[in-house]
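Working notes, beginning with the structure itself.
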Protein chains: 2
Amino acid sequence: MAGRNESNRSITNVAALANVSIATVSRVLSGKRTKDDDIARRVRAAAEQLDYSVNYAASALRSTITNTIGLIIPSATETFSAQLLDEIEPTIDVDSQQLLLGIGADQEAQGERMASLVARHVDGLIVVPAAGADLTEVLERYAGTLPIVQVGGRQRSFHTSMVGLDENAAMEMVIGHLADQGIESVAYMAGKEISFESAELFAMFHTQVRAHHLRTQPDWNRFGERSVQRGFDCAMRLFSEPLVQPEAVVCADDTIAFGMMVALHALGLRVPQDVLIVGYNDSPIASTTMPTLTSVRPPFQQIVSEALRLIALGPERPAHISLPPRLIIRDSTVVPNGSR
Amino acid sequence: MAGRNESNRSITNVAALANVSIATVSRVLSGKRTKDDDIARRVRAAAEQLDYSVNYAASALRSTITNTIGLIIPSATETFSAQLLDEIEPTIDVDSQQLLLGIGADQEAQGERMASLVARHVDGLIVVPAAGADLTEVLERYAGTLPIVQVGGRQRSFHTSMVGLDENAAMEMVIGHLADQGIESVAYMAGKEISFESAELFAMFHTQVRAHHLRTQPDWNRFGERSVQRGFDCAMRLFSEPLVQPEAVVCADDTIAFGMMVALHALGLRVPQDVLIVGYNDSPIASTTMPTLTSVRPPFQQIVSEALRLIALGPERPAHISLPPRLIIRDSTVVPNGSR
DNA sequence: TTGTAAGCGTTATCAC
DNA sequence: GTGATAACGCTTACAA
């Protein structure tokens with residue numbers, strides 16, 4: 001409870017106690033003074049004794065550095081954004097920065113949140129675009145003002161940075177792993193048809209299927225939304241009729257995979273003995289389903305550190321970075337010995 | 001792109017254009033001036049024309065109102081916090097406030113985040129305590145400084161506000177609904193044993209079981225963590241042996257319920273024909289499981305509006321509020337006609 | 001390297 | 001109700 005007197009809380013008091021000027025206090029505490037001599041120690045001791053911490057408002061007003069990072073996500077209930085949040089908050093906190101969060105489920109809301117955060121003079125902005133949102137215009141508008149990093153989605157502005165997944169590497173891992181398991185045919189449950197991204201992933205899928213001499217069929221592969229319901233419906237259609245059926249299914253999202261697994265169970269088909277399933281995004285429940293779900297895990301830690309690094313570089317040098325994900329192999333793609 | 005000239009962005013320019021003093025501009029734009037006369041209109045027009053928005057740092061420095069709300073949660077991947085986030089962000093934004101987010105998975109981390117946010121002079125602090133965290137000390141420390149609202153968990157400080165669920169009402173709804181379905185026996189999968197909260201809920205469970213003339217057995221009811229794995233294990237133990245088995249299970253969290261449903265499926269028992277299952281927290285996947293899961297849904301909207309109202313009241317009048325949840329009835333507790 | 005002093009853009013105070 | 005002006009707490013030229 002020492003030093004909790006409100007009037008003690010300004011840099012002037014620290015300076016008085018340490019017997020130096022407020023300028024020196026400022027320089028020592030902000031690290032703009034190299035030496036670690038007696039003066040520096042005295043200042044730090046005084047600051048601690050008075051329980052002093054800078055007034056960020058005053059600091060921001062003078063220096064235009066606010067020590068805040070803005071993050072815009074479509075929703076916290078979406079696992080990619082949630083996992084990114086959990087990873088980014090502690091990392092930012094280490095630099096004694098703070099996270100200003102904006103949530104926008106569509107293009108318009110995301111644009112509004114960007115405007116608000118830019119008005120707050122955040123030091124940098126990280127944006128996870130909502131599905132189908134085209135943020136080109138807003139991104140371009142603020143690109144010169146502050147460093148902006150888009151995470152995931154399709155890059156649309158060459159004036160802002162981008163950190164994304166190396167989807168080619170991901171698809172190669174997935175199909176390669178399935179081929180290793182000895183399957184010969186595979187289906188793909190893609191994302192929304194309208195998205196250019198989905199189409200590109202779809203092309204990668206076909207490339208890898210050919211590369212590994214696997215088989216697929218046009219009517220196996222579908223575009224659609226990323227939901228449990230969609231996975232369920234697709235599996236019902238794909239596996240309930242006595243047609244030729246794929247031995248494995250690659251899903252554009254874990255939610256789709258969950259739906260499929262429920263449907264397969266209902267149809268009496270076993271995962272992985274009858275069908276192998278691969279998900280995407282490695283949501284927290286992937287490790288708790290029965291069987292546990294093999295899934296592509298975005299490298300959240302690297303995504304965060306790269307995004308923050310690009311922000312630290314400033315708005316002048318935008319860069320585009322692709323990071324390879326990891327394939328988390330679980331029970332849904334590993335057939336128990338000889339039981340196939 | 002009108003008025004995007006950086007030098008136009010201060011209150012001085014607005015005052016010059018509107019031909020009034022900066023004091024008047026400040027008063028008009030901050031709503032501290034009652035009349036809506038020609039002057040007010042002129043000021044607003046000038047502000048719009050120059051694309052002016054207040055510099056929050058300067059405003060905060062002078063007035064000690066920062067227009068920021070701090071929110072501390074244990075993790076974004078936990079559905080209660082995620083749903084709260086999605087509800088709180090747009091509500092705050094309406095008042096042109098911003099959300100400063102802190103994530104702390106345990107007592108210590110939450111305490112640190114509280115200190116950071118208090119140092120930022122947030123206008124109010126909303127805290128969702130981590131499981132098992134005792135925040136009494138930190139809450140008390142800052143209670144006089146700024147309004148603090150604890151959401152959920154056990155109230156431990158009478159100097160801070162609290163918004164929680166009316167657990168009695170919840171339990172009454174759940175057991176009442178199960179009784180209406182014609183069952184006679186019920187088990188309860190509680191939360192952690194050490195938590196006083198769990199013990200209290202457990203007592204409420206017993207009270208309601210008696211009130212509705214249902215039956216339960218000590219060895220049916222267990223304390224444990226809120227995880228899918230725990231639910232699975234408990235169901236396996238409870239239903240795999242040919243003992244007397246409950247006709248319904250109430251779970252302290254949806255995750256436990258998911259685990260139970262997977263286990264029951266594996267054991268060849270049908271939900272809801274053989275066993276009724278009720279979850280808690282109405283996580284987004286509750287509506288997508290097979291069968292869909294009946295769950296207690298916290299009134300997120302009310303929680304948020306009450307929390308913000310208490311913050312607006314200031315730190316001087318802490319209040320404790322209990323809100324009744326809703327029971328979202330889905331397939332896991334509704335037996336199809338005559339199939340039981 | 002250190003101290004002095006000038007602001008940063010706003011709101012609060014005071015006199016009118 | 002309005003305008004002039006001080007003050008908020010800090011960072012950064014600039015001078016020493």
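Keep in mind it's a predicted model, so treat the numbers as computed, not measured.
Residues from residues 22-32 of chain A lying near DNA chain C, meaning a heavy-atom separation below 4.0 Å, are A/Ala23, A/Thr24, A/Arg27 in numerical order.
Residues A/Ser81 and A/Glu78 have side chains that bring a donor and an acceptor to within less than 3.5 angstrom of each other. Side chains of A/Thr79 and A/Asn281: a donor-acceptor N/O pair is absent below 3.5 angstrom, by distance only. Looking at A/Gln83 and A/Arg297, their side chains do bring a donor and an acceptor atom within 3.5 Å of each other.
Nearest-nucleotide positions on DNA chain D for B/Ile39 and A/Ala58 put B/Ile39 closer to the 5' end.
In this structure, A/Asp36 atom CG and C/dT1 atom P are separated by 13 Å, rounded to whole Å. Distance, A/Ile11 CD1 to D/dC8 P: 14 Å, rounded to whole Å. At whole-Å resolution of the value, CZ in B/Arg33 and C1' in D/dG3 are 13 Å apart. Computed from coordinates, the A/Arg120 CZ to C/dT10 C1' distance equals 14 Å when rounded to whole Å. Between A/Ile65 atom CD1 and C/dC8 atom C1' there is a gap of 14 Å when expressed in whole angstrom units. Atom CG of B/Asn55 and atom P of D/dC8 are 18 Å apart (whole Å). B/Leu61 has its CG atom 13 Å from the C1' atom of C/dA12, to the nearest Å.
On a pure distance criterion of 3.5 Å, a polar donor-acceptor pair joins the side chain of A/Arg62 and the base of D/dT11.
For the pair A/Tyr52 and D/dC10, the criterion of a side-chain N or O lying under 4.0 Å from OP1 or OP2 is met. Taking side-chain N and O atoms only, A/Ser63 has no distance below 4.0 Å to OP1 or OP2 of D/dT11. Here B/Ser59 does not reach the OP1 or OP2 of C/dT10: none of its side-chain N or O atoms lies under 4.0 Å away.
Contact detail for B/Leu71 and B/Ile88: the closest heavy-atom pair is CD2-CG2, 4.2 Å.
Here the two rings, on A/Tyr56 and B/His121, have centers that are 6.0 Å apart or farther.
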For this session: Starting from the C-alpha separation in whole Å, work towards a yes-or-no answer on side-chain contact (heavy atoms from CB on, under 4.5 Å) for B/Ile148 and B/Tyr142.
Result: CA-CA 8 Å; B/Ile148 301 181; B/Tyr142 302 119; 3.8 Å; yes
For this session: Take A/Gln97 and A/Thr68 through the side-chain contact (heavy atoms from CB on, under 4.5 Å) test and state the conclusion after the steps.
Result: CA-CA 5 Å; A/Gln97 295 190 302; A/Thr68 50; over 6 Å; no
Exercise. Could you walk me through whether A/Glu137 and A/Arg141 pass the salt bridge (Lys or Arg N to Asp or Glu O under 4.0 Å) check?
Worked result: CA-CA 6 Å; A/Glu137 198 192 326; A/Arg141 169 145 72 236; 3.7 Å; yes
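Using modelled atom types, one side-chain atom of A/Asp37 and one backbone atom of A/Ala40 make a donor-acceptor pair closer than 3.5 Å.
Comparing atom distances between the B/Asp37 side chain and each of C/dT2, D/dT2, D/dC10 picks out D/dT2 as nearest.
The rotation axes computed at either terminus of the helix from C/dT1-D/dA16 to C/dC16-D/dG1 lie 30° apart, taking five pairs at each end and rounding to 10 degrees.
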